[in-house]
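Hydrogens, waters and symmetry mates are skipped; everything else that's a heavy atom, side chains included, is used. Residue numbers start from 1 in every chain, and the chains themselves are labelled A, B, ... in the order their sequence lines are given, proteins ahead of strands.
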Amino acid sequence: MLRALLYLRLTSARNWLIGRIRRLRQPKYLLGVMAGAAYFWFFFFRPMVYAQGGVRGLPGAMPPEVASLPLLFILVPLGLITLLRLITAWVAPAGKPGLPFTEAEVAFLFPAPVTRRMLVNYKLLSGQVTILFSALLFSLITNRGGALGGNLFTHAIGWWLILSTLSLHSTAAAFTVTRLIDGGVSKRQRQVVVTGVIVLFLTAVGYVLWRSAPPPTDAQAANPWTLLQYATGLTDHGLLFWAVLPFRIMVAPFLAPGWREFFSALWPALLLLAAHYVWVLRAETSFEEGSIAFAEKRAKMIAAIQAGNFRLGQGPVKARRGPFALAPGGVRPEIAFLWKNLLATSAFFRPRTFLVGATLVVMLTGWLRHGSEHQRLALDIAGDLALALAAYTLMLGPQFARQDLRSDLVNADLLKTYPLRGWQVVLGELLTPASILTALLWLFILTAALAAGTLPGRGDRLLTPELRGTVAVCLALVMPLVCALQLMIPNGATLLFPSWAQSTRTRDRGIDVMGQRLIFVAGQILVIVLALLPAAAAGVLLWFAAHWVLSASVSTAVATAGVLVVLGLELGLGLWWLGRRFEQFDLSIESVK
Amino acid sequence: MIDVLGLNKRYGDFTAVRELSFAVQPGEVLGLVGPNGAGKTTTLRCLAGIIPANGGTIRIGEAVLAQDPVAAKRQLAFFSDEPRLFDYLTVRQHLAFVARIYGVADHEALAGPLLEELEIADKADQLPGELSRGMKQKLAIACGLLHAPRVIFFDEPLTGLDPLGIRRMKDSIRKRASEGAAIVLSSHLLHLLEEVCSHVLILKKGEKIAHGTLADVSAQFANGETGVSLEEIFIRATGGTEG
């Protein structure tokens, strides 16, 4: 029987690989592989080649401790998230325990004469494909820079041990919790006991640290790495040592600086892994029901992805009141799309929310401005933060606000029966994300404008209060058009390369898909830069020309008018062109491609 | 009301519809039949302006679809085999949205009786996800009929409906035709043609095999025999093979 299961696994893997290789005949996948391979070469393998040639890191690179700082900011949150997930697995497991079988596996294997142990082994073995791939990817990231010591091999084995142990622990925890429930322990009893143990433990740890832990020295507090070393040093003895011992055993091979330390750390980690494996096998819990539910959920998700309407983290759809009263006989039918797509977003994105936000900004900044020195400093920081958030929203906002053609493409047939020109549909679809992003940007601009000039000596001579106000208003005027242009690019890509755009939305994995995403993002940045250049050039020229005779504020207003005209023309041309494309668009053909 | 002259539709080297011409007058119901891949759905999608034709002329009322698509689309409604609805809009909100798109000023006065007729008035505040397949179909029909179209296209209208739903759908088609609408429907169900259609057009490999009233087409392929079933007529007309 095991041979049959292995045959299934190996044949599926071989066919998957053949399929992947065959689809390289399509340029979009071939280009994706090339881009992905180039990324891996330049980001991971090239630095390794340099390091093996005797130079750790590229010529002129930063010291490893500094170069690997971003790694620390990845690993620490990752560790905390893992800890949280482990706690959640005990306190609030998601439904009945299930192993991730597919619907076909459920249909073929569950009624087959296969023992429970064999099914569990088969699934654990199947899970190893993902774990091995993840371990390889993680080791490429953590080995970069060399600050963690070890080498690619020790990191890969270390990550494999960590991921395998965590995976087995989650399964075992779910099995154990179900066994407790089946044994008569209520959900509340379990939560009270588990939460009580965690709180008790944290209290004891806090007490021990407060009583006996020495504060970090200046050398220990010098940088995040030394601070981390200080923190881990606290777990070298006493209660904390025993509390974190399993974690230390699990991560020790990964953190081993050399081969000798690695091999001496390897056997306890393997023992821990084996203990978890035995735990899973011996847990006498039914997993079939949970597995069927999991398979159904997964099948639904795949169907949603294929239909193009999968949304990450979205709960069940609920009926809501319209965001505003939609007059039936209005002049502009495009407004109906704004109304419809706002209904598809969170109830939070409403005009009322924006007005409340703006009022709060005005009140808070006023209070901080007239407060103590600390309050003014806080306002100054808030202003800088608002500018940073505005830049972030402008760059990444269109990737998150997707209530446009990207979501509605599946309804293209219906939209095309409406008595509207193509450009009207495209414009209507852009209105919702453009409005949301514009409202956010306006709030940030308002905050930055009201916070500016709080502390003396920060650009007071350059930006007078009058000029600050003018710049803020001008920026606010430009933002809707910039947002619309930004959004036009992914929407245009959806219409021009629907199958390509669709593949970047799927949860498909692989170097080709990663490469496609890279190409897509790079293309988007290039197009928006090209689109904004003429407007920026016009604005600069007009400003300098006007500034010969006019004040800086008036010159800014004149330059903004020029920018608006150029952006408006670009937007108009873009809408017309994409509208034509929409009128020619045939979803059935694109899907086949 | 519907005039089609020399319609052509190609997908690359493959010709889905070739030199298709026909007309449908107000009150007529034309049944579009043919084997799988004959070009029925492609023809309907071209007529509804969903996909552009590669050649020929489609006239809806007085408007030529290629030249004035907005005017043409104002007069038509298209119902696909699978009702296309927006997940986040309730029944009532669907009608409000469509009313704005088509500029139906008094939509609330029209929507009430329409929802009553289609028996979904009590579902007005429900989302599509909460409706059965038949109810979704009814909502799609309510949306399509709100602007009182003079031309209606149905693609496989009985798909997924229960016996009661089938009867209601047939009644609804007959009612719209009696009110003067020109209707084209595609179906594999030959009994639907016998019960609802005044005319029939048989397609094979994108070409017109036969067109006329049911009696005309039956006579054309009966070879002088009497009492030949429509199924037999269909098989004789299409040669018993796929499109």
Side-chain angles (χ1 to χ4, degrees), chain A residues 304 307 309 311 314 316-347 403 407-408 410-422 424-425 428 432 579-580 582-590 592-593, chain B residues 9 11-12 41-42 45 48-52 63 66 68-80 82-108 110-111 124-130 140 143-144 146-147 149 153 155:
Chain A
N309 52 11
R311 287 155 195 258
Q314 291 266 331
V317 181
K318 288 179 185 168
R320 291 203 204 102
R321 286 179 58 193
F324 52 85
L326 183 69
V331 182
R332 300 253 44 113
E334 298 89 345
I335 297 297
F337 285 87
L338 172 67
W339 182 84
K340 171 181 85 68
N341 291 342
L342 272 176
L343 268 168
T345 66
S346 161
Q403 297 78 20
S407 301
D408 236 359
V410 69
N411 293 315
D413 276 11
L414 179 62
L415 302 180
K416 291 182 79 174
T417 62
Y418 292 153
L420 303 173
R421 285 286 181 183
Q424 289 179 291
V425 176
T432 297
R580 299 266 301 181
F582 181 76
E583 286 166 6
Q584 302 292 319
F585 186 77
D586 185 351
L587 186 65
S588 61
I589 296 300
E590 302 294 353
V592 171
K593 281 177 185 170
Chain B
K9 179 64 190 175
Y11 295 110
T41 298
T42 302
R45 283 157 62 86
I50 295 171
I51 50 174
D68 193 354
V70 173
K73 287 176 182 178
R74 279 199 184 286
Q75 303 177 65
L76 67 83
F78 173 78
F79 301 105
S80 62
E82 195 60 39
R84 291 280 183 200
L85 299 166
F86 300 107
D87 294 342
Y88 295 88
L89 267 59
T90 62
V91 170
R92 199 191 304 278
Q93 287 168 340
H94 266 91
L95 294 169
F97 173 71
V98 171
R100 177 67 180 240
I101 294 290
Y102 284 88
V104 183
D106 55 344
H107 90 280
E108 289 199 350
L110 293 169
D125 292 316
Q126 291 190 5
L127 291 163
E130 299 166 304
C143 290
L146 190 67
H147 66 287
F153 302 116
D155 188 9

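For B/Glu130, the CD atom sits in a packed shell: over 12 heavy atoms of surrounding residues, nucleotides or ligands are nearer than 6.0 Å.
At a threshold of 4.0 Å, the pair A/Asp413-B/Arg84 does not count as salt-bridged, since none of the basic side-chain nitrogens sits closer than that to a carboxylate oxygen.
Between chain B and the residues A/Glu583, A/Glu334, A/Arg332, the most heavy-atom pairs under 4.5 angstrom are made by A/Arg332. Ranked by heavy-atom pairs under 4.5 Å with chain A, the list B/Val98, B/Ile101, B/Leu76 is led by B/Ile101.
Using a 4.5 Å heavy-atom threshold, the side chains of A/Lys340 and B/Phe86 count as touching. Under the 4.5 Å side-chain criterion, counting only non-hydrogen atoms from C-beta, B/Arg100 is not in contact with A/Trp339. The closest side-chain heavy-atom distance from A/Arg421 to B/Val70 is below 4.5 Å.
When heavy atoms are compared at a cutoff of 4.5 Å, A/Asn341 does not approach chain B at all. Only the side chain of B/Leu127 comes within less than 4.5 Å of a heavy atom of chain A; its backbone N, CA, C and O stay farther away. Heavy atoms closer than 4.5 Å to chain B are found in the side chain of A/Leu414, but not in its backbone. Looking at B/Leu95, neither its backbone nor its side chain comes within 4.5 Å of chain A, counting heavy atoms on both sides.
B/Tyr88 OH to A/Gln403 CD: the interatomic distance, rounded to the nearest 0.5 Å, is 8.5 Å. Remark: B/Thr90 OG1 to A/Leu343 CG distance equals 8.0 Å, nearest 0.5 Å. Atom-to-atom distance recorded for A/Tyr418:OH and B/His147:NE2 is 10.5 Å, nearest 0.5 angstrom.
In this structure a side-chain-to-backbone donor-acceptor pair under 3.5 Å is missing from A/Lys416 to B/Arg45. Side-chain atoms of B/Gln93 never come within 3.5 Å of backbone atoms of A/Ala319 as a donor-acceptor pair (strictly under, hydrogens ignored).
In this structure, B/Phe97 and A/Phe337 have perpendicular ring planes: the angle between them is above 60°, well past the 30° mark.
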